[in-house]
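Being a predicted model, the structure only gives us computed values, none of them experimental.
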Amino acid sequence: MKTIEDMDGNETLSDCTTSLVEGCRLPVKMRYGDEWPLAEIVSVKEVNGCVYYYIHFVDYNKRLDEWVTESRLDTRKVQYPRRDGGVGGTSTPSKKANVPTSRPSSPQELVNGNAVLAAAVQKKISRKRKAPTPSIEPEQPPPPPPAVCGKEDANSSLPGIPRLTGSMIAHNDDVVTRMKNVEMIELGLHRIRPWYFSPYPQELIDLSCIYICEFCLKYRKSRKCLERHLAKCNVKHPPGNEIYRKASISFFEIDGRKNKAYAQNLCLLAKLFLDHKTLYYDTDPFLFYVMTDLDERGFHIVGYFSKEKESSQDYNVACILTMPPYQRKGYGKLLIEFSYELSKFEGKTGSPEKPLSDLGLLSYRSYWAQTILEILVSLKPTGDNERPQITIMEICELTSIQKEDVISTLQNLNLINYYKGQYIITLSKDTIDQHHKAMEKRKIRIDPKCLHWTPKDWSKRAKW
């Protein structure tokens with residue numbers, strides 16, 4: 001028998017793992033390393049007599065969530081859900097397990113009940129326009145039902161339910177979307193373990209691997225099916241117009257209305273690696289910019305970003321993703337740089353749609369810092385002034401970065417002070433040296449001369 005503690009601080013006895021239920025918190029050994037941080041049990045299942053627990057490490061990113069067995073659970077002290085937490089509810093324990101953890105327990109996390117989910121669905125329906133059924137190519141397996149908050153909803157046949165969009169708007173977790181549902185995908189030469197939930201068809205979810213054509217992004221249930229598809233698929237690059245090429249790097253502009261099937265498949269693929277957004281089926285209002293790497297076999301997808309044709313808040317990016325095999329190689333900054341290059345051609349300042357993922361925020365902050373410092377370091381004194389001068393608005397005009405992002409970046413770098421109605425920027429030698437070292441690592445950059453693109457005025461719906 002084990003001593004357990006509910007979240008009200010009351011200790012009771014537990015018969016090992018038989019008393020563990022969804023919502024319990026206890027220390028769990030991480031897959032790599034010897035840490036035992038606090039984790040929450042999201043779901044429990046039994047396969048061939050073995051019990052598995054789907055756990056979320058509290059205060060860690062959900063891409064670390066996984067199924068574990070009893071051998072990785074520390075059942076010496078279990079924190080039960082509060083009695084007044086409601087069905088599926090969890091709350092922060094009043095006492096922490098007396099085991100070494102790397103981080104404190106997180107604020108309250110709620111799992112949406114049916115009533116809450118239904119209310120959220122109705123609220124979203126009232127805000128969204130009804131969209132026509134997407135056209136699907138003959139060989140394409142039927143798409144999943146409309147995903148509401150990332151969940152396949154039983155009432156998806158109701159009129160007016162919104163569909164997949166390139167923006168993948170922010171959502172709250174529910175019990176389904178909190179759990180990864182795809183074990184593995186095969187994309188070209190890469191086998192990738194997904195990070196998050198994505199509403200692929202149910203018949204594919206139960207398979208050990210989903211096979212995806214890296215050129216048209218259609219998904220198949222087996223390698224044999226993929227081989228038959230590849231024998232007939234003569235596509236070697238994304239649809240749409242190639243608007244940029246330098247060396248092996250190309251960018252293709254894809255209209256979500258004209259290339260609906262590809263855009264939907266791209267969103268399904270991206271959702272496997274983006275947690276903070278939800279999928280709907282209307283891709284018409286969005287443009288997709290896919291970055292590829294060219295070799296003798298074709299144009300291989302490296303990453304992409306989507307962008308609203310009309311953005312009332314001047315967002316120049318809705319969603320952005322570098323595929324996992326290409327991360328930490330400078331491609332993320334290249335995608336960001338390209339999005340701002342488009343903004344320069346449009347004569348506008350832009351900003352990414354919020355919220356950004358944790359990795360996306362790191363990439364943007366790094367890009368903003370390097371881009372702004374590149375301008376500041378190159379400034380020369382003008383006239384009789386002893387020191388170079390530049391305004392925030394001039395930085396915005398030169399970079400197409402919005403004013404709020406420029407100011408927040410300068411503040412994060414501790415370079416800016418507000419004095420007598422003016423912003424005073426101070427650069428130290430250490431800051432300049434660190435900037436030069438960072439820029440030396442950026443081997444690939446966007447060359448504006450290689451961009452062949454004319455902005456369109458999407459204000460008239462007829463042009464969609």
Side-chain angles (χ1 to χ4, degrees), residues 166-168 187 190 192 195 214 217 237-238 240-254 256 262-263 266-267 269-277 286-294 299-308 311 314-346 348-372 374 399-402 405 409 438-439 441-448 450-453 455:
S167 73
M168 297 197 284
L187 182 69
H190 304 285
I192 312 170
W195 296 350
E214 62 178 326
L217 303 186
H237 59 78
N241 300 320
E242 184 181 13
I243 61 174
Y244 178 93
R245 184 189 292 190
K246 183 173 183 180
S248 64
I249 299 297
S250 291
F251 279 85
F252 290 81
E253 182 183 60
I254 299 157
Y262 182 91
L266 177 60
C267 288
L269 175 62
K271 184 63 186 73
L272 292 170
F273 308 102
L274 294 173
D275 174 47
H276 61 294
K277 303 286 186 175
F286 291 88
L287 297 169
F288 298 83
Y289 295 89
V290 177
M291 180 168 64
T292 63
D293 186 22
L294 175 64
F299 294 79
H300 308 280
I301 182 171
V302 172
Y304 91 104
F305 66 87
S306 59
K307 176 182 178 180
E308 286 183 288
S311 175
D314 288 332
Y315 290 136
N316 62 358
V317 165
C319 279
I320 186 167
L321 171 70
T322 304
M323 297 301 296
Y326 297 94
Q327 291 180 358
R328 302 181 66 87
K329 297 180 180 179
Y331 292 113
K333 283 195 180 71
L334 202 66
L335 280 167
I336 297 172
E337 186 177 4
F338 189 80
S339 70
Y340 280 106
E341 201 60 46
L342 296 183
S343 295
K344 291 178 184 178
F345 270 61
E346 293 175 312
K348 300 177 180 178
T349 59
S351 183
E353 186 175 320
K354 312 300 188 301
L356 289 166
S357 67
D358 56 342
L359 298 179
L361 182 60
L362 288 174
S363 295
Y364 264 96
R365 282 180 174 171
S366 178
Y367 172 80
W368 289 333
Q370 291 179 6
T371 302
I372 294 171
E374 195 170 20
T399 62
S400 283
I401 301 174
Q402 277 192 350
D405 296 330
T409 300
M439 295 305 294
K441 296 179 181 179
R442 287 181 64 177
K443 303 298 183 183
I444 49 177
R445 300 288 301 272
I446 294 296
D447 185 353
C450 298
L451 175 59
H452 305 286
W453 179 73

Measure the [atom1]-[atom2] distance between [X] and [Y] for me, rounded to the nearest 0.5 Å.
{"X": "L321", "Y": "K271", "atom1": "CG", "atom2": "NZ", "answer": "11.5 Å"}
{"X": "L359", "Y": "D275", "atom1": "CG", "atom2": "CG", "answer": "11.0 Å"}
{"X": "L294", "Y": "H300", "atom1": "CG", "atom2": "NE2", "answer": "7.5 Å"}
{"X": "T349", "Y": "D405", "atom1": "OG1", "atom2": "CG", "answer": "9.0 Å"}
{"X": "Q370", "Y": "T409", "atom1": "CD", "atom2": "OG1", "answer": "11.5 Å"}
{"X": "I446", "Y": "L334", "atom1": "CD1", "atom2": "CG", "answer": "4.0 Å"}

Does the side chain of [Y] come within less than 4.5 Å of [X]'s, by heavy atoms?
{"X": "M291", "Y": "F338", "value": "no"}
{"X": "L342", "Y": "K307", "value": "yes"}
{"X": "P352", "Y": "I320", "value": "no"}
{"X": "I336", "Y": "S363", "value": "yes"}
{"X": "L335", "Y": "F251", "value": "yes"}
{"X": "H237", "Y": "T292", "value": "no"}
{"X": "V317", "Y": "Y364", "value": "yes"}
{"X": "Y340", "Y": "Y367", "value": "yes"}

What heavy-atom pair brings [X] and [Y] nearest, and what distance separates the two atoms?
{"X": "Y315", "Y": "E308", "result": "CD1-OE1, 4.4 Å"}
{"X": "G256", "Y": "A263", "result": "CA-CB, 4.2 Å"}
{"X": "L266", "Y": "I301", "result": "CD1-CD1, 3.9 Å"}
{"X": "T399", "Y": "K344", "result": "O-CE, 3.7 Å"}
{"X": "P455", "Y": "F345", "result": "CG-O, 3.7 Å"}
{"X": "K329", "Y": "I444", "result": "O-CD1, 4.3 Å"}

Is the side chain of T322 donor-acceptor paired with the backbone N or O of Q327 at a distance under 3.5 Å, no angle test?
-> no
For the pair Y304 (side chain) and C267 (backbone), establish whether a donor and an acceptor sit closer than 3.5 Å, ignoring hydrogens and angles.
-> no
With a 3.5 Å cut-off and no angle check, do the side chains of K333 and S366 form a donor-acceptor pair?
-> yes
If you measure from the Lys or Arg side-chain nitrogens to the Asp or Glu carboxylate oxygens, is any gap between R445 and E374 under 4.0 Å?
-> yes
Pairing of R442 and E337 as salt bridge, 4.0 angstrom limit = yes
Over 60° means perpendicular and under 30° means parallel, so classify the ring planes of Y289 and F305, tilted if in between.
-> parallel
For the residue pair F252 and F299, is the inter-centroid distance of their aromatic rings smaller than 6.0 Å?
-> yes
Any chance you could lay out the side-chain contact (heavy atoms from CB on, under 4.5 Å) test for W453 and E341, step after step, and finish with the verdict?
-> CA-CA 11 Å; W453 179 73; E341 201 60 46; over 6 Å; no
Among V302, L187, L272, find the residue that satisfies the side chain to side chain contact (heavy atoms under 4.5 Å, CB included) test when tested with M323.
-> L187
